[in-house]
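On a predicted model such as this, the values are computed, not experimentally measured, just so you know.
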Amino acid sequence: MADPRGFLEVSKKEARYRPVAERIGDWGDVYEHADKPLTVLSEVSDQARRCMDCGIPFCHSGTAGCPLGNLIPEWNDLVRRGRWDAASERLHATNNFPEFTGMVCPAPCEAACVLSISEATTGGSVTIKRIEKTIARESWTEGIIRPEPPALMTGKSVAVVGSGPGGLAAAQQLTRAGHDVTVYERDDRLGGLLRYGIPEYKLQKSDIDRRITQMRSEGTKFVTSCNVGTDLLVSDLRERHDAVVLAIGAMAARDNPVPGRDLNGVHLAMEHLVPANRECEGDGESPITAKGKHVVIIGGGDTGADCLGTAHRQGAASVVQLDYNPELPSDRDDARSPWPTWPLVMRTSSAHAEGGERKYQVAVQRFVGDEHGNVTTMVLAEVAVVREPDGRRVITPVGEEFEIPCELALFAIGFEGVERGPLLDGLELAPNGRGALSCGSDWQTGTDGVFVCGDAHRGASLVVWAIAEGRSAARSVDEYLMGASDLPSPVRPSALPLSVR
């Protein structure tokens, strides 16, 4: 059984970051790579002692904690006992790609940990994310992870459009069920936003390549540089395959057409992040760089933080990140976000710790440029966010305008949903009011044999939700093709994270 006194005897200890001066000089992992891995394993085993295997483990609740239903208390106890092979088996039973989630998931499981009820008393949640990441790393190092090809083939063929985490999870599940699966990706490399949206320092692309190699060995086929609907007609896609899974993401970026938006140097976040990631892949220098420039990032979320860390590594002269919301408190406010909901607290990512300034309750009013059409200045105003009776938020200026230098502006204000084009038109599908694709309880869209998962269905969300939806959609596809399925289905299409309304 678990150690009921572990959290009283072992202090919470997170993974250590590399020194700021060192890590902003390269694109390597922000975390330290220990010279003594056995010492790290021992330390992580001690951290696993803090898990009590409590009676009602909210950490793997699909609404409050992990939507994958990760068997967290089980693999924590196995790590505590040094049984890394068994811990890997339990972790992979619910999560196809724990090295992805261990690096980039914000860990709602930790927010829902029972030890988070009163962190001042308990010392804080179990370091679930660190333990998960260590299990995954040890699994690869020790050769525990191997290809799992199907024992029998069904003779059925499935197309997965999109190779992000949702598409890859669906593809791996369906391949292992014995179907002939082909993943179509419009980019030249596989991984979707894992590849080109998340910076190298947060997720090493060698981790993606390693999983792709495993999936190829299991029988999954991949076609890159193929924009379905253009390079491959929808009619040909439907003729080749018995079912289709749309995992095309929610890549229609939200913009803000303020005066001066068309000046040189004003870009959407992905116009900055994608070429920066391509440069890390060896495709040549990024045409949009922060080197020597005063950079302003509009948006206070994760994408904005990714732009921040990228700007640091490109050698920005200064970086300011804007947020129209008020600054959040450092501790959970039980009235606003009681346990086990996701706490509304101030978060500092590795990129924020590297420098830059954050401004709250401000919004861009216009850009000013020089005679050559290059942006030089941003005009801001203090704002208040007012919620209308219908739920809409209205951002209203309440203070005097002021200027800050700006030679590179990046809009990181979210995504509006799926991109329209020949693929959706050919499948006779249209986005709903949220900009996403609707589906029934079986993940099937209004077009027979066409299923959807991930951000394309949910809207821009977490990697862990994409994997959960990919696994669930795979079961429905298997049922559609075979009449029954043994594949797991961790979430329903209507599932939502637990929150205070």
(request) Mind jotting down which residue pairs meet the salt bridge (Lys or Arg N to Asp or Glu O under 4.0 Å) criterion with at least one end in residues 302-327? Sequence neighbours excluded, please. (result) Lys202-Asp306, Arg313-Glu354
(message) Under 3.5 Å, is there a donor on one side chain and an acceptor on the other for Asn95 and Thr101?
(response) yes
(message) Within the 3.5 Å criterion, strictly below it, is a donor on Asp242 or Ser157 matched to an acceptor on the partner's side chain?
(response) no
(message) Closer than 4.0 angstrom, basic N to acidic O: yes or no for Arg16 and Glu32?
(response) yes
(request) For Trp443, check ring pair (Phe, Tyr, Trp, His ring centres under 6.0 Å) against everything at least two apart and list the hits. (result) His457
Using distance only, find each side-chain donor-acceptor pair of residues 253-266 under 3.5 Å and give its atom names and separation, not counting sequence neighbours.
| unit_1 | atom_1 | unit_2 | atom_2 | d |
| --- | --- | --- | --- | --- |
| Arg254 | NH1 | Ile413 | O | 2.8 |
| Arg254 | NH2 | Phe415 | O | 3.2 |
| Asp255 | OD1 | Arg261 | NE | 2.9 |
| Asp255 | OD2 | Arg261 | NE | 3.4 |
| Asp255 | OD2 | Arg261 | NH2 | 3.1 |
| Arg261 | NH1 | Val266 | O | 3.2 |
| Asn264 | ND2 | Gly373 | O | 3.3 |
| Asn264 | ND2 | Asn374 | OD1 | 3.2 |

(message) Out of the candidates Arg210, Gln204, Arg211, Lys133, only one should pair with Glu99 under the side chain to side chain donor-acceptor pair (under 3.5 Å) rule; please name it.
(response) Arg211
(request) Would you kindly say whether Tyr201 and His312 are connected by a side-chain donor-acceptor distance under 3.5 Å? (result) no
(message) Could you check whether Arg278 pairs with Asp188 (Lys NZ or Arg NE/NH1/NH2 to Asp/Glu carboxylate O, under 4.0 Å)?
(response) yes
(message) Would you say Gln321 and Glu357 are linked by a side-chain donor-acceptor pair, where the criterion is simply a distance under 3.5 Å?
(response) no
(message) Closer than 4.0 angstrom, basic N to acidic O: yes or no for Arg18 and Asp26?
(response) yes
(message) Looking at Arg420 and Asp425, is there a salt bridge between them, counting it only when a charged N and a carboxylate O are closer than 4.0 Å?
(response) yes
(message) Tell me whether Arg366 is salt-bridged to Glu401, with the criterion being a basic N under 4.0 Å from an acidic carboxylate O.
(response) yes
(request) For side-chain hydrogen bond (donor to acceptor under 3.5 Å, both in side chains), just list the numbers for Asp448 and Tyr480, CA-CA rounded to whole Å, side-chain angles, deciding distance to a tenth of an Å, and then say yes or no. (result) CA-CA 10 Å; Asp448 181 59; Tyr480 172 82; 3.0 Å; yes
